[in-house]
Amino acid sequence: MKKVILFLVLILCALSSFAVPLPDGSDARITEIRQSNGKIVSVRLKEVAILNTPLGALEAVEEVFFYENGSIKSFQPAASGEYDSPVGTLAYTTSPISFYESGAVEEMELASVTDITGSVGRIKVAAKPISFYDNWIPSSVELAEDCQVKLKSGIVAARSGYPMYFHENGAIQSFTVSRSDPLDSSIGKIYPQEGSVMELHPNGSLALVSPEDICMVTVDDCLYFTKARSPIAFKDGGQVLRFFAEAQDFTFGKFKFTLESGSTEMFVYEDGSVFFTNPGYVHLAGLEYRRHCDGLFVSPVHNRLIYWEESFNDTSVYNYSYNAEEKLVSTSLNMNVLQYTADTMKYFENPPFSFDQESNIVSYLGFEKRKDPETKTTYNHPVIVKVAIKQNNRVPVELQQPLEE
């Protein structure tokens, strides 16, 4: 019996010294393993092991993660090193390096200030984490020194010590302005505010800029002044999408109204309609009273002014138009219109209401209640709600079309 026990102990000791074959083709001694669908997805190394990484055969420690095809998803180098990448030589630290399934680096931490080359030329990036798209184009870096950025609208300096983001096509997505140099735009010369973040479209045109000064914007043949040091957003064709306008008297088609609560952010659409975000109190010409509203939409083409207000988790929507006698008439609408917030901003880049040829509302930007499965909290999810036209009565159709996240 003692001989049998001794034999089993010797076998277990021998097995413990065996290395386990890993999905990348290497062998290693491991202390933990996790599998999914019969495939290894991660292991914890017992000691330094040489792995077949996308950067070559390298020593690794701690945890290693794998894709289902067996390629390494991430690993922690045992020592710092260098890699000759498509954008230049990258000196990396012993922090974990992650990869795409294709083998391109997703993120690594640079060990020193590094020159990288891309569609914007050669720039110096700081010894900080750097991330890439699957095509080896950087997605974000931290600038080690100020650099000149040549745009379609002019030349501007990007500030060091701040991140620079890129689109997947290599064009700059955003950066922090270091110096206020003039840029050309559809509303004239713009002097970006120092320290503000400038955003660009993939085609290189201005997407968002915060001018130091007041600018002038023409909407529906009316001239409006922007609020200084407030962002102005542009479409990729150069047209103004939104800006902050000082509260004043507004005229769109037959509608004349006054906003009484300082400045308000204003969206401008191609069909001539506009949307005011959280405008506060509004006084509509032809009415003896003023109303507080959380959103105001005006469509001169369809002769509609629609505003909504929220109270006690209930939303009231009012629709104003002019009848055949040029009299202002109002209709209360039963709609769960989405409230404008920083999280929902992108959904208002298109008009929150759409109309048919007879100017009937056929859809609107609404919401449906959803519950987060992890936090159990309830939130409003944006959806496009279609409206059916039936016997001159418009009723919301229950089938809603979710919007893309």
Side-chain angles (χ1 to χ4, degrees), residues 214 216-228 230-232 240-269 271-342 344-345 347-348 351-355 359-361 364-367 380 385 387 394 396:
I214 292 175
M216 297 184 298
V217 178
T218 301
V219 181
D220 194 31
D221 296 327
C222 293
L223 186 63
Y224 299 95
F225 292 97
T226 69
K227 186 179 180 181
S230 295
I232 302 175
V240 172
L241 170 63
R242 58 183 168 84
F243 64 96
F244 280 86
E246 295 292 353
Q248 58 180 351
D249 296 336
F250 291 87
T251 301
F252 290 98
K254 296 180 181 179
F255 294 104
K256 300 180 187 299
F257 54 93
T258 301
L259 298 184
E260 305 174 4
S261 301
S263 63
T264 179
E265 194 170 18
M266 177 176 169
F267 281 77
V268 183
Y269 305 110
D271 63 356
S273 59
V274 294
F275 168 64
F276 295 89
T277 70
N278 302 316
Y281 284 96
V282 58
H283 186 183
L284 181 61
L287 296 179
E288 296 181 354
Y289 57 88
R290 67 175 190 166
R291 296 294 295 265
H292 179 274
C293 56
D294 298 293
L296 176 65
F297 175 76
V298 185
S299 177
V301 174
H302 297 286
N303 193 31
R304 297 296 185 94
L305 182 148
I306 303 171
Y307 74 82
W308 52 98
E309 55 188 2
E310 185 177 19
S311 60
F312 304 106
N313 296 321
D314 185 30
T315 302
S316 300
V317 185
Y318 300 91
N319 167 47
Y320 285 92
S321 62
Y322 285 88
N323 59 20
E325 290 76 33
E326 301 294 317
K327 183 180 179 181
L328 188 65
V329 294
S330 172
T331 306
S332 178
L333 303 177
N334 183 23
M335 294 179 170
N336 61 337
V337 179
L338 184 68
Q339 296 297 304
Y340 178 86
T341 65
T344 60
M345 177 188 295
Y347 299 111
F348 287 87
F353 292 87
S354 62
F355 306 86
S359 295
N360 296 309
I361 298 174
Y364 66 92
L365 181 59
F367 63 88
N380 293 334
V385 182
V387 177
R394 292 178 292 279

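We count residues from 1, following the sequence as given.
- Taking CG of L333 as the reference point, atom CD1 of I361 lies at 5.0 Å (rounded to 0.5 Å).
- Note: H292 NE2 to N278 CG = 8.0 Å, rounded to the nearest 0.5 Å.
- A distance of 7.5 Å separates CG of L365 from OG1 of T344, quoted to the nearest 0.5 Å.
- For H283, the ring pair (Phe, Tyr, Trp, His ring centres under 6.0 Å) test picks out no residue, with sequence neighbours left out.
- Scanning all heavy atoms of the two residues, the minimum distance from S359 to R304 falls at O-NH2, 2.8 Å.
- K227 and E246 are not joined by a salt bridge, as no carboxylate oxygen comes within less than 4.0 angstrom of a charged side-chain nitrogen.
- Taking each heavy atom of V301 and D271 in turn, the nearest pair found is CG2-O, 3.2 Å.
- Note: F297 and F275 fail the aromatic proximity criterion, with ring centroids not under 6.0 Å apart.
- A centroid separation of less than 6.0 Å is found between the aromatic rings of Y224 and F250.
- With sequence neighbours left out, the ring pair (Phe, Tyr, Trp, His ring centres under 6.0 Å) criterion links F255 to Y322.
- The ring pair (Phe, Tyr, Trp, His ring centres under 6.0 Å) search around F252 returns none, not counting sequence neighbours.
- Checked against a 6.0 Å centroid threshold, the rings of Y289 and Y281 do not count as neighbours.
- For the ring pair (Phe, Tyr, Trp, His ring centres under 6.0 Å) test with F276, the passing option among W308, F348, F257, F243 is F257; the others fail.
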